[in-house]
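Notes follow the structure.
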Amino acid sequence: MKQKLTTQELTTMALLAALLCVSSYISIRLPFSAVPITAQTLVINMAALLLKPKKAGITIAVWILLGIAGLPVFSGGTGGFGVLAGSTGGYIIGYLAAAILISLLRGQKNHFLRSLLSVFAGIIIIYAVGLPWMKAVMHLNWTAAILTGMVPFLAGDIIKCIAAVFICRPLWGIVNSGKRS
């Protein structure tokens, strides 16, 4: 039997997709890397912590489809299929996989440590998809890919993981009247 989405669930998903679009504009280009620092990973983590896996996946997929359609929703206000096919495309695809995985690992309970471990696992997934993609597109060796596509971002990603859990903790009780949407 198909389950219909409630107005509150659709609103939550739409707000998180919109927040992801806005977070893409918070972008700092690094002179030595094709990958910018953005607030996107914070929002990816939040969507995954607040939504069930299917709904988190749909939310991120909507954002990706908006970007593919040419809307300026990717980092720095870029859009189009070329961005997805470019050096940062693997990270974008990694966001989708990470959101679903984080939501699956988090489970149904408001448990701080489990949530924190799930977002750390999500960051690993993002790098596991993004680094090989960037390496292939830019024709880099593994050392160069890791030094330009991961090392400069690790500390910030850890901070964004922790921040997402702290931001979402009070929201868990609000989203869908105490139930995960």
request  = Please tell me if the side chains of K55 and L50 come closer than 4.5 Å, counting only heavy atoms from C-beta onward.
outcome  = no
ask   = What about I125 and L117, same hydrophobic cluster or not, with Ile/Leu/Val/Met/Phe/Trp/Tyr joined at side-chain heavy-atom distances under 4.5 Å?
value = no
request  = Go through the steps to decide whether V62 and M13 satisfy the test side-chain contact (heavy atoms from CB on, under 4.5 Å), and finish with yes or no.
outcome  = CA-CA 10 Å; V62 164; M13 292 166 68; over 6 Å; no
Heavy-atom pair of closest approach, residues K4 and E9 = O-OE1, 4.0 Å
ask   = Which heavy atom in L16 sits nearest to a heavy atom in V43, and how many Å separate them?
value = O-CG1, 3.8 Å
message = Show, in sequence, the C-alpha distance, side-chain angles and deciding distance for I60 and I100, and conclude whether the side-chain contact (heavy atoms from CB on, under 4.5 Å) test is met.
response = CA-CA 9 Å; I60 307 312; I100 295 167; over 6 Å; no
task = Indicate, with yes or no, if I26 and I37 share a hydrophobic cluster defined by side-chain heavy-atom contacts under 4.5 Å among Ile, Leu, Val, Met, Phe, Trp and Tyr.
result = no
message = Quick check against the 3.5 Å criterion: does R106 have a side-chain atom that pairs as donor or acceptor with the backbone of S118?
response = no
request  = Would you sort out whether Q40 and S24 count as a side-chain hydrogen bond (donor to acceptor under 3.5 Å, both in side chains), showing the intermediate values?
outcome  = CA-CA 6 Å; Q40 292 168 315; S24 300; 2.8 Å; yes
inquiry  = Given F120, which partner from the list N45, I102, I162, V165 fulfils the side-chain contact (heavy atoms from CB on, under 4.5 Å) test?
reply    = I162
inquiry  = Working note: T88 + M134, criterion side-chain contact (heavy atoms from CB on, under 4.5 Å); need CA distance, chi angles, decisive distance, verdict.
reply    = CA-CA 6 Å; T88 60; M134 184 182 80; over 6 Å; no
T148 to F153 - nearest heavy-atom pair and separation = O-CE1, 3.4 Å
ask   = Going only through I, L, V, M, F, W and Y residues with side-chain contacts under 4.5 Å, is there a path from M138 to Y127?
value = yes
task = Give a yes or no on whether the ring-centroid distance for F112 and F166 is below 6.0 angstrom.
result = yes
message = For S103 versus A56, what's the shortest heavy-atom pair and its separation?
response = CB-CB, 4.5 Å
task = Can you see which heavy atom on S75 is nearest to which on T38, and at what distance?
result = CB-CG2, 3.6 Å
key: Whether W63 and Y95 hold their rings parallel, tilted or perpendicular, with breakpoints at 30° and 60°   = tilted
ask   = Do L131 and L154 belong together in a cluster built from hydrophobic side chains that touch within less than 4.5 Å?
value = yes
message = Working note: W133 + I92, criterion side-chain contact (heavy atoms from CB on, under 4.5 Å); need CA distance, chi angles, decisive distance, verdict.
response = CA-CA 10 Å; W133 187 300; I92 294 169; over 6 Å; no
key: Non-hydrogen atoms of S23 and L20 that approach each other most closely   = OG-O, 2.8 Å
